[in-house]
Structures are given as C-alpha cells and as structure tokens.
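Okay, structure first, notes after.
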Amino acid sequence: MSTLSCRPGRLAYRRCRLVIAARVPIPLLAVGAAVTPLRFFAARNTIPGTESQRSLDVPQARFPTADGAQGRIVFRAAGSPARTPAARIRRCGSAMSWERANTC
C-alpha cells in the first residue's frame, strides 16, 4: 500500500510544475461551469394572471419611476406595547436598558 501512495507523491514532487499546470485549470473550469447556467435564469419569469404577479405589476403601473425601490412594512398587533424608547419611559417610568425594559 505504501508503494501505491509513494509513487504518485514522488511523481508530483519531481514534476511539480506539470502538476500545478494541470491543477490550475480545474477550479477555473468548475467556476465557469457553475456561472454559465446563471445567465439563462437571469431572464425575468412571469406568470400572468396570478395574484403574486398582479402584486408585482400594480406598483409598477402606479409608480413607473420607482424602479428598484425598496420599502419596509411594519405590523403591530392591536393591544401590544410599542417598542420605542418613549413608550418604555411611559411604561416603566425611566429610561433603562433594553433587557430590563422588556420585563416592564
């Protein structure tokens, strides 16, 4: 068994430039093979008539200049306490650390 593992090691040591030249293109080919299919998926896919497609089409129709705009929607349940510093002061009576204010 040691003979089987020794011979490739000796060959790699003697011909290190050949081994390096053979090993460099392998990762490059792997990256090229992984990136090539991505351009086929880059095209925009649409399914007309679905509710999710309409949710994408309506803002584009109403706000055509907001190309690529992002926003944040925050929901607050009715009756839940607000998590702002002012609300903590009203609820607890003083401005304290976040961990302690959560228990008030």
>> I want to check something: taking the side chain as every heavy atom from C-beta on, are R23 and I20 in contact at a cut-off of under 4.5 Å?
In response: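 The answer is no; the side chains never approach within 4.5 Å.
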What are the two closest heavy atoms between [X] and [Y], and how far apart are they?
X	Y	value
P27	V24	CD-O, 3.1 Å
A21	P25	O-CD, 3.0 Å
L56	P59	O-CD, 3.7 Å

> Taking only residues two or more places apart in sequence or in another chain, which ones pass side-chain contact (heavy atoms from CB on, under 4.5 Å) with V58?
Replying inline: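 V58: side-chain contact (heavy atoms from CB on, under 4.5 Å) contacts with R62.
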>> Going by side-chain contact (heavy atoms from CB on, under 4.5 Å), name the residues that satisfy it together with R10, two or more places apart in sequence or in a different chain.
In response: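 Per chain and number, R10 pairs via side-chain contact (heavy atoms from CB on, under 4.5 Å) with C6, R7, R14.
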